[in-house]
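Contents: one structure, followed by commentary.
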Amino acid sequence: MGKLTFRRRKKAVPPPMPPPPPAIEASTTSKTTVKKKAGGARLWMRMDRLGQSELIECDKSVIIKRVSIPARDLRILGPIFSHSSSILAREKAMIVNLEFIRAIVTAEEVLLLDPLRQEVLPFVDQLRRQLPQKSPSKCVADQMASQDNELQSPTAGQWLPVPEAAEGVQDELPFEFQVLEMALEVVCTYLDSNVAELERDAYPALDELAISVSTKNLEHVRSLKSNLTRLLARVQKVISARLSSTRSGSLVSNYLNDDDVEDLEMLLEAYFMQLDGTRNKILSVREYIDDTEDYVNIQLDNQRNELIQLQLTMTIASFAIAVETLLAGIFGMNIPCTLYKTEGIFGNVVWIMTAACVVLFILVLAYARWKKLLGS
């Protein structure tokens with residue numbers, strides 16, 4: 001029986017499983033690699049000169065290799081610098097971080113970060129609408145069509161329009177600055193709309209607070225003042241990008257001449273003047289808030305002064321009544337007095353003491369007014 005049991009146990013042992021095929025190992029490795037890459041990938045939108053776009057998901061290394069910029073320049077598009085504004089221009093790309101617009105612009109395409117955000121969608125729509133109109137191919141085609149029409153006219157031999165058309169092509173700013181112009185326009189429009197909304201809410205609320213100082217009105221004005229402070233900080237951060245753009249020597253591309261640089265400076269200056277106007281509007285609202293607060297404080301001080309005067313008047317009245325109470329207490333003592341035996345003396349004494357207290361009250365009140373302790 002012992003041998004038979006041993007043989008049965010030996011047959012019951014399962015055979016060893018064969019090793020997995022190498023194809024499964026390779027697929028597992030590739031899935032792991034994809035997951036690792038997807039962990040640091042972010043959503044970008046690539047748009048060319050003609051307005052054709054596509055959504056891509058890639059990590060920092062792919063972007064750095066594609067646009068040939070240092071890794072430290074890409075940090076300004078990260079979450080740490082998400083609330084700052086700066087414009088960096090390098091040899092082959094321009095990094096734009098203006099409010100919610102974070103993009104990398106090269107001579108041929110735009111790489112826009114987080115293109116599906118609600119604030120970024122107007123910028124995407126404007127790029128799709130205006131880039132095909134500003135593309136060199138379209139400009140050349142329009143100029144060639146106008147040239148053919150002029151050549152077919154009866155007076156075509158009197159002048160040559162070709163140099164003017166070529167000059168018009170040269171007067172166009174490069175692709176990078178066209179995108180920068182649209183980004184500034186969208187940011188300025190967005191900030192202007194926020195300031196207009198703030199003005200619509202602030203002025204009625206401040207007027208209501210000037211009329212009635214209540215907890216509800218004070219809380220509303222406090223919230224408006226917090227929003228104003230944040231909005232002013234955002235506008236000032238965008239304006240501070242002027243130092244890193246117009247005064248940076250790296251902003252001038254190799255193919256820009258002096259006229260292009262001058263046009264660029266005029267373009268940026270125009271938008272920064274618009275931002276200065278936006279900031280002035282915010283400062284006007286803040287000044288109105290400060291004036292309203294001063295007016296409310298004056299009202300409160302006036303009410304406190306009135307309360308103090310009322311308290312002083314009541315104190316003088318209490319002093320006069322205390323004197324009458326003292327006299328009544330003296331007469332109420334069990335002391336022999338001939339006045340107690342006089343008929344009808346009680347009423348006369350009460351009226352005399354009351355009149356004396358009233359006279360005392362008037363005298364003390366007149367003295368307080370003479371010392372200007374009470375208002376007129």
- prompt: Are the side chains of Arg128 and Gln52 in touch, meaning some heavy atoms are under 4.5 Å apart?
  reply: no
message: Restricting to non-hydrogen atoms, name the atom on Ala328 and the atom on Met353 that form the minimum distance, rounded to 0.1 Å.
response: N-SD, 4.2 Å
field: Atom CD of Glu287: over 12 foreign heavy atoms under 6.0 Å
entry: no
- prompt: Any side-chain heavy atom of Leu50 sitting closer than 4.5 Å to one from Leu131?
  reply: no
Residue pair Thr278 / Asn194, side-chain heavy-atom distance below 4.5 Å: no
- request: Going by the side chain to side chain contact (heavy atoms under 4.5 Å, CB included) test, name the single residue among Leu228, Asp294, Leu209 that passes it with Ile289.
  value: Leu228
- prompt: Using 4.0 Å as the upper bound for N to carboxylate O, is an ion pair formed by Arg42 and Glu57?
  reply: no
query: Between the main-chain N or O of Val213 and the side-chain N or O of Asn217, is there a donor-acceptor pair closer than 3.5 Å?
result: no
query: Which distance, rounded to the nearest 0.5 Å, do you find between the SG of Cys188 and the CD of Glu99?
result: 10.5 Å
Val105 and Phe175, any side-chain heavy atoms less than 4.5 Å apart: yes
statement: What one should report as the nearest heavy-atom pair of Val238 and Phe272 is O-CE2, 3.6 Å
field: ILVMFWY cluster, Val364 and Ile308 together (side-chain gap under 4.5 Å)
entry: no
- line: Closest non-hydrogen atoms of Ile69 and Ile64, given as atom of the first, atom of the second and distance, are O-CG2, 3.1 Å
message: Do Met47 and Glu109 make a side-chain contact, defined as non-hydrogen atoms from C-beta onward lying under 4.5 Å apart?
response: no
task: Verify the distance criterion only: is there a donor paired with an acceptor across the side chains of Asp192 and Thr189 at less than 3.5 Å?
output: no
task: Using the side chain to side chain contact (heavy atoms under 4.5 Å, CB included) rule, take Ile87 and Met94 through it: C-alpha gap first, then chi angles, then the decisive distance, then the call.
output: CA-CA 7 Å; Ile87 302 173; Met94 179 185 297; 4.2 Å; yes
Min side-chain heavy-atom separation Leu312-Leu374 under 4.5 Å: yes
Pro115 side chain reached by Trp44 side chain, heavy atoms, under 4.5 Å: no
query: Looking at the rings of Phe100 and Tyr190, which for Trp means the six-membered one, are their centres under 6.0 Å apart?
result: yes
task: To the nearest 0.5 angstrom, please state how far the OG1 atom of Thr315 sits from the CD atom of Gln311.
output: 5.5 Å
task: Using the rule that two of Ile, Leu, Val, Met, Phe, Trp, Tyr join whenever any of their side-chain heavy atoms come within less than 4.5 Å, decide whether Ile352 and Ile362 are in one cluster.
output: no
message: Between Val221 and Leu218, is there shared hydrophobic-cluster membership here, with clusters defined by ILVMFWY side-chain heavy atoms closer than 4.5 Å?
response: yes
- prompt: From Leu184 CG over to Leu275 CG, what is the distance, rounded to the nearest 0.5 angstrom?
  reply: 7.5 Å
- prompt: Out of Leu231, Val195, Leu198, which one pairs with Lys281 under the side chain to side chain contact (heavy atoms under 4.5 Å, CB included) rule?
  reply: Val195
message: Is it true that Arg46 and Ser53 share a donor-acceptor pair across their side chains at a distance under 3.5 Å?
response: no
- request: Find the distance between CG (Leu111) and CD1 (Ile56) and round it off to the nearest 0.5 Å.
  value: 5.5 Å
query: Linking I/L/V/M/F/W/Y whenever any side-chain heavy atoms sit under 4.5 Å apart, do Val358 and Leu365 land together?
result: yes
- request: First locate atom CD of Gln299, then atom OG1 of Thr292, and finally report the distance between them rounded to the nearest 0.5 Å.
  value: 10.5 Å
message: Please give me the minimum heavy-atom distance between Cys357 and Ala320, naming the atom from each residue.
response: SG-O, 3.2 Å
query: Can you find a heavy atom in the side chain of Leu112 that is under 4.5 Å from one in the side chain of Ile101?
result: yes
statement: In terms of heavy-atom contacts, Met182 and Gln126 come closest through SD-O, 3.8 Å
task: Kindly indicate, with the supporting measurements, whether the criterion side chain to side chain contact (heavy atoms under 4.5 Å, CB included) is fulfilled by Phe361 and Thr313.
output: CA-CA 9 Å; Phe361 171 76; Thr313 304; 4.3 Å; yes
task: Could you walk me through whether Asp276 and Tyr271 pass the side chain to side chain donor-acceptor pair (under 3.5 Å) test, one step at a time?
output: CA-CA 9 Å; Asp276 287 335; Tyr271 283 104; over 6 Å; no
query: CD1 of Ile316 to CG of Leu360: how many Å apart, nearest 0.5 Å?
result: 9.5 Å
- request: For the pair Gln118 and Leu121, evaluate side chain to side chain contact (heavy atoms under 4.5 Å, CB included) and give the outcome as yes or no after the intermediate values.
  value: CA-CA 6 Å; Gln118 189 67 26; Leu121 291 179; 4.2 Å; yes
task: Show the numbers, then the answer: is there a side chain to side chain contact (heavy atoms under 4.5 Å, CB included) between Tyr203 and Leu224?
output: CA-CA 10 Å; Tyr203 289 116; Leu224 289 174; over 6 Å; no
message: Which residues pass the ring-ring contact (aromatic ring centres under 6.0 Å, His included) test with Phe319, not counting sequence neighbours?
response: none
query: Just by distance, with hydrogens left out, do Tyr295 and Asp290 show a side-chain donor and acceptor under 3.5 Å apart?
result: no
message: For Val124 versus Met45, what's the shortest heavy-atom pair and its separation?
response: CG1-SD, 3.7 Å
message: Membership question, hydrophobic clusters at under 4.5 Å side-chain separation (ILVMFWY): are Val110 and Val62 in the same one?
response: no
message: When you compare the side chains of Thr354 and Glu324, does any donor N or O come within less than 3.5 Å of an acceptor on the partner?
response: yes
message: Would Arg222 and Glu219 count as a salt bridge (Lys or Arg N to Asp or Glu O under 4.0 Å) here? Give the steps.
response: CA-CA 5 Å; Arg222 186 195 65 81; Glu219 182 64 24; 2.6 Å; yes
task: Share the residues that join Val359 in a hydrophobic cluster, the rule being Ile, Leu, Val, Met, Phe, Trp or Tyr side chains under 4.5 Å apart at the heavy-atom level.
output: Leu363
- prompt: Counting only N and O atoms by type, is there a donor-acceptor contact under 3.5 Å from the side chain of Arg49 to the main-chain atoms of Glu108?
  reply: no
Candidates Leu283, Ile282, Val187 - the one meeting side chain to side chain contact (heavy atoms under 4.5 Å, CB included) with Val235: Ile282
